[in-house]
Amino acid sequence: MAKGIYKRGNIFWIRYAGLNGKTLYESSASSKFRDAETLLIKRKQTIKEGKQPEVKKRIPNVTFKELAKAYLDWAKRQRGFRSKKGFVLQFVDIYGSIPLRYFNGMVIEKFQSDRIGKGNKPATVNRLVATIKHMFSKAVEWEMVEEEIQKKIRRVKLLEANNRRLRYLSKEECQNLIKVCESYLRPIIIFALNSGCRKNEILSLKWENVDLQHGFILLDQTKNGERRELPINETLRVTLESLPRRLDGGYVFYDPKTDERYKDVKRSFATALRKAGIKDFHFHDLRHTFASHLVMAGVDIMTVKELLGHKTLAMTLRYSHLSPKHLVKALSILDDALNDNINYTKTIQFGRGTP
């Protein structure tokens with residue numbers, strides 16, 4: 001055995017003196033003598049150049065449950081923590097005591113197949129897989145697992161998902177829904193239909209962000225993290241003015257019995273839908289209803305994009321098919337611009353056969 005190389009089990013280790021003369025010990029992570037010899041030569045050359053070698057610490061055998069705990073502690077500062085926590089706990093139920101080094105692409109792909117078999121939609125499975133991918137990214141950053149494990153998981157492709165669901169209510173359905181709502185739910189639904197806000201944006205809205213005098217609402221807790229100003233129409237203004245308001249301001253929509261904001265309205269919303277005879281409809285579809293009626297009323301797609309707070313136009317273009325009139329109008333404008341209101345058909349006919 002060469003000087004400075006020794007064996008621990010099947011793995012070769014090296015030892016050498018650092019810049020301060022202190023002996024350093026390092027695993028070659030290989031069962032081949034030549035790999036250890038190459039690493040030792042490299043380390044000695046680094047010392048000779050007056051540099052201290054960067055020796056990676058030996059990573060302990062961490063379980064998924066330990067990663068989940070660290071990840072949830074970190075995620076508390078993130079938006080959407082409640083839903084993310086639910087995703088992580090689902091993984092803990094499955095993989096809790098399993099070491100992180102056990103994971104690879106096949107494990108994640110099996111998870112995808114199992115979830116699809118249980119009836120989960122591809123978009124739902126993709127959100128779960130995106131979460132576990134991010135967990136392993138943080139695990140590498142926190143030195144809880146080797147980067148090789150993360151690379152294997154990162155290679156797993158997301159499922160093809162159809163996220164172009166577009167369910168919206170007619171004017172009559174909107175009116176029927178509002179009529180059957182409980183008294184506390186009615187202004188929330190009216191707000192959603194006239195603002196296009198997401199549920200969390202509505203339920204977390206505070207009076208300090210509502211300016212009735214100048215007619216706008218400042219949203220600073222949006223999904224994409226960007227603040228946006230939303231104009232208040234007459235229906236929205238009347239609705240907001242009718243709401244009870246605490247002396248200290250607080251949340252716009254709150255339970256007067258507890259003085260706490262509404263966490264969710266899922267149960268009462270489902271009851272209202274049943275009474276109104278509306279099927280296959282979610283609270284988020286109120287946002288689709290807002291956007292769809294704007295487009296059908298002739299509002300241009302860029303304005304709709306700004307009102308919805310979309311980062312990209314592609315997200316808003318799903319509504320463009322609802323307004324074929326603007327395409328007809330566009331071609332009419334082109335006709336006038338190119339032909340200066342001349343009857344183009346007659347011009348062509350007159351020109352036939354002439355040199």
When you measure from the side chain of K275 to the backbone N and O of K179, does any donor-acceptor pair fall under 3.5 Å? no

Under the criterion salt bridge (Lys or Arg N to Asp or Glu O under 4.0 Å), I'd like the reasoning laid out for K69 against E66: C-alpha separation, chi angles, the key distance, then a yes or no. CA-CA 5 Å; K69 184 180 183 303; E66 291 173 301; over 6 Å; no

Is NZ or CZ of R167 both nearer than 6.0 Å to the six-membered ring centre of F281 and within 45° of the ring axis? no

Over 12 foreign heavy atoms within 6.0 Å of OH, Y102: no

Begin with the C-alpha distance, continue with both residues' side-chain angles, and end with the deciding distance and a verdict on side chain to side chain contact (heavy atoms under 4.5 Å, CB included) for F253 and L243. CA-CA 8 Å; F253 301 103; L243 293 174; 3.8 Å; yes

Not counting sequence neighbours, which residues clear ring-ring contact (aromatic ring centres under 6.0 Å, His included) with Y71? List them please. W74, H134

Is a side-chain N or O of T289 found less than 3.5 angstrom from the main chain of L169, in a donor-acceptor match? yes

Are any of the side-chain nitrogens in D264 or K199 under 4.0 Å away from the carboxylate oxygens of its partner? yes

K151 with E148: basic N within carboxylate O range, under 4.0 Å: yes

Could K44 and Y16 be counted as a cation-pi pair, given that NZ or CZ must be under 6.0 Å from the ring centre and within 45° of the axis? no

Run the numbers on T38 and D35 for side chain to side chain donor-acceptor pair (under 3.5 Å), then give the verdict. CA-CA 5 Å; T38 301; D35 292 338; 5.5 Å; no

Pairwise side-chain hydrogen bond (donor to acceptor under 3.5 Å, both in side chains) hits with a residue in residues 104-119, at least two apart: Q90-R115, K110-D114, R115-N120

L230 and L307 have their tightest heavy-atom pair at CD1-O, 3.8 Å

Apply side chain to side chain contact (heavy atoms under 4.5 Å, CB included) to residues I116 and L159 and explain how you reach the verdict. CA-CA 10 Å; I116 291 295; L159 301 174; 3.7 Å; yes

State whether a side-chain donor-acceptor pair under 3.5 Å links D285 with H282. no

Between Y95 and T63, is a side chain to side chain donor-acceptor pair (under 3.5 Å) present by the stated rule, with each step listed? CA-CA 8 Å; Y95 305 118; T63 65; over 6 Å; no

Hey, would you say the F64 and F103 ring centroids sit under 6.0 Å apart? yes

Would you say the side-chain atoms of R186 pair up with the backbone N or O of C181, donor to acceptor, closer than 3.5 Å? yes

Residues R237, E241: salt bridge by 4.0 Å N-O rule: yes

Where do K85 and L72 land on the side chain to side chain contact (heavy atoms under 4.5 Å, CB included) test, with the steps shown first? CA-CA 7 Å; K85 180 180 179 181; L72 289 177; 4.1 Å; yes

Apply side chain to side chain contact (heavy atoms under 4.5 Å, CB included) to S97 and K65, showing your working. CA-CA 6 Å; S97 60; K65 187 183 292 185; 5.8 Å; no

